[in-house]
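Structure first, commentary second.
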Number of protein chains: 2
Amino acid sequence: MPSHTEENYLKAIYKLSEAQPGVEVSTNRIAEVLQTRPASVTDMLRRLGEKGLLHYERYRGVSLTHDGRRVALLTIRKHRLWEVFLVNKLGFNWDEVHDVAEEMEHLQSPLLIRRLDEFLGFPQLDPHGDPIPAEDGAIVRPQHRLVSDLQPGEEGTVMAVKNTSVPFLQYLDKAGLSLGAKIEVLDKVAFDNSLEIRINSNKVTLISNEISCNLFVAD
Amino acid sequence: MPSHTEENYLKAIYKLSEAQPGVEVSTNRIAEVLQTRPASVTDMLRRLGEKGLLHYERYRGVSLTHDGRRVALLTIRKHRLWEVFLVNKLGFNWDEVHDVAEEMEHLQSPLLIRRLDEFLGFPQLDPHGDPIPAEDGAIVRPQHRLVSDLQPGEEGTVMAVKNTSVPFLQYLDKAGLSLGAKIEVLDKVAFDNSLEIRINSNKVTLISNEISCNLFVAD
DNA sequence: TAATTTTCCTCGGTGTGACTGGGCACTTTG
DNA sequence: CAAAGTGCCCAGTCACACCGAGGAAAATTA
Ligand SMILES: [Mn+2]
Ligand SMILES: [Mn+2]
Ligand SMILES: [Mn+2]
Ligand SMILES: [Mn+2]
C-alpha cells in the first residue's frame with residue numbers, strides 16, 4: 001500500500017514523463033514540481049526503486065516500471081473521478097476542486113472507486129477535460145490542439161485546459177471560455193502572438209499567448 | 001489540524017465517556033478498544049493534553065475538553081455522513097461501510113462536508129440509526145430502549161443497532177430485523193433471557209440475549 | 001580534448017509521529 | 001495495612017520524510 005507521499009511522487013513522475021515522452025525524468029525537475037529539495041527526491045527515488053515502482057539508475061534519470069505506472073494511473077483515476085463527483089454531484093465549481101481531490105485521491109478502497117465510477121455514470125473526462133484512466137490503467141490520449149496553434153480562419157470547440165490554477169479557470173469563466181465554448185480565430189498579432197477570437201459566434205475578444213497556450217480545442 | 005490517529009483517539013475517548021457518563025475514561029480501556037498498549041496510550045494522552053484537547057491528570061483518568069469534544073464530534077459527523085453517502089448513493093449494504101468510512105472520516109475540507117450534508121438532504125441518522133452531530137457539534141440523544149428490556153406483550157420498531165460488526169448486521173438482514181422492522185415480544189425464557197418475538201406481524205422467531213442487548217427499538 | 005558548468009548522489013543528520021517492554025509509583029480493594 | 005491492579009515513565013525502536021554540504025559524474029562549452 002503506497003503512502004500518500006509515494007502516490008504524489010509517482011503521479012508527478014508519470015505526468016513529467018508524459019509531457020516529454022522518451023526523455024527520462026530528472027531529479028531536479030521532480031523537486032521543482034513537488035516543491036522540495038533534490039536530496040529529498042533522491043531519497044524517495046531510491047525507496048521507490050527498491051519497491052520496484054521505478055527504474056532508478058544513478059545519474060540516468062528515472063522511468064516508471066509497469067507497477068509504478070499502474071499506481072500513478074490509479075491515483076490519477078481516483079483524483080479525476082472525485083473531481084467529477086465534486087462538480088457534478090456536490091455543485092463545486094471547476095476551480096474549487098483541485099485541493100480537495102488532492103486529498104481524496106489517497107483513499108484506498110477499490111470497491112469505493114468502482115461504485116463511485118458507476119454512480120457517476122462511468123465518465124470519460126474530468127471537469128477540466130482530462131481523460132479518466134480505466135480500472136486497468138488504460139487511458140485514451142485525447143486528440144486536441146492548442147488554441148495557440150490555430151491560424152486565422154480556423155475554429156474549434158474548447159475541450160480541455162492545460163493549466164488548472166484558480167486564477168486561470170476564473171478568467172475563463174469570466175471570458176465565457178468554459179468547456180464547450182466555440183472559438184473562431186479572426187486575427188493573430190504577430191508581435192506578441194495574441195489572438196483576436198469570436199466566442200460562441202458572438203462576442204469578439206483578444207486573448208494573450210499565455211492563455212491560448214493553455215487551452216485545448218477540437219473540431 | 002489533528003492527525004488521523006489523534007482523531008481516532010478522541011473519537012474512542014468520546015464514545016467511552018458517553019458509555020459511562022460521569023466516569024473518567026481509563027488508559028487500559030482506551031488501549032483495549034484501540035488495540036494498542038497502555039504505554040502508547042499514555043504517550044498519546046500526554047500529547048493530546050498538551051494540545052488542550054483533553055484534561056489529563058496522571059492516575060486520574062481522562063476527559064475531553066470543549067475543543068477535544070468538538071474534534072471528536074466532528075469526526076463522528078464526518079464518519080456518519082460518509083456512511084449515509086455510501087449506503088444511499090453508492091449502494092453499499094450497511095455491513096460494508098464501516099471500514100471505508102473509517103478512512104473517509106479523516107478528510108479535512110469543511111466545505112466538502114457541508115456540501116455533502118446538503119447533497120444527502122441533511123440526514124439526521126446514519127445507516128445504523130445513530131444520530132449525526134450538527135456542524136456546531138450539537139447531537140440529539142435518541143430515545144431508544146433495548147429490546148432486552150422489553151417485557152412480553154410489549155412491542156416496538158427497530159431504530160438502531162448498538163453493535164455494527166459484520167456478522168451481527170448480516171444476521172439481522174437474514175432474520176428480517178433491519179431498521180424499521182416491527183417487533184412484538186411474545187415470551188421471555190427466564191433461564192437465558194432469550195426472547196420469542198414476532199417480526200412485522202408475521203414470522204415468529206427466538207432471539208438470544210446477545211442479540212436483544214444490541215438492538216434498539218422505539219414505539 | 002580540456003575546462004567549466006550543471007546535475008545529482010551520498011553522507012550524515014534532523015524532526016515527528018507512533019509504538020513498546022519493563023520497572024516502578026500510585027491507587028484501589030480486601 | 002498488604003496485596004492486587006492500574007497506569008506512568010523511561011529509554012529505546014522504527015518508519016517516514018526532509019535537508020545541507022561536498023564531491024562525483026555528466027553535460028556543455030571553449
Ligand atoms: Mn495528493
Ligand atoms: Mn482535473
Ligand atoms: Mn478512522
Ligand atoms: Mn454507523
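Since the structure is predicted, the reported quantities are computational estimates derived from the model, not experimental observations. Letters go in sequence order (proteins before strands), and every chain restarts at 1.
Using a 4.0 Å cut-off between charged nitrogen and carboxylate oxygen, Arg80(B) and Glu83(B) do not count as a salt-bridge pair. Look at Asp117(B) and Arg77(B) and you find a salt bridge, because one of the NZ, NE, NH1 or NH2 atoms lies within 4.0 Å of a carboxylate O, short of that distance. Using a cut-off of 4.0 Å between Lys/Arg side-chain N and Asp/Glu carboxylate O, Arg47(A) and Glu50(A) are scored as not salt-bridged. A salt bridge links Glu135(B) with Arg114(B); the closest basic N to acidic carboxylate O contact falls under 4.0 Å. A salt bridge between Arg115(A) and Glu96(B) is present, with a side-chain N of the basic residue lying under 4.0 Å from a carboxylate O of the acidic one.
Distances shown here put every side-chain N or O of Ser3(B) at or beyond 4.0 Å from the OP1 or OP2 atom of dG17(C).
At whole-Å resolution of the value, CD in Glu50(A) and P in dA17(D) are 14 Å apart. The distance between atom NE2 of His4(A) and atom P of dC18(D), rounded to the nearest whole Å, is 13 Å. Taking atom CD on Glu6(B) and atom C1' on dT16(C), their separation rounds to 11 Å, with Å as the unit. Atoms CG (Leu45(B)) and P (dT6(D)) sit 16 Å apart, rounded to a whole Å.
Remark: of the listed residues Ile13(A), Leu45(A), Val33(A), Ile13(A) is the sole one forming a side chain to side chain contact (heavy atoms under 4.5 Å, CB included) with Val25(A).
In the region residues 21-32 of chain A, proximity to DNA chain C at under 4.0 angstrom, judged on heavy atoms, holds for Ser26(A), Thr27(A), Asn28(A).
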- Take nucleotides 19-30 of chain C nucleotide by nucleotide from the 5' end and write B, S or -, depending on whether a protein heavy atom sits under 4.0 Å from the base, only from the sugar-phosphate, or from neither. BBB---BSS---
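Using bins of under 30°, 30° to 60° and over 60° for the plane-to-plane angle, the ring pair Phe85(B)/Trp82(A) lands in the tilted bin.
In this structure a side-chain-to-backbone donor-acceptor pair under 3.5 Å is missing from Glu57(B) to His55(B).
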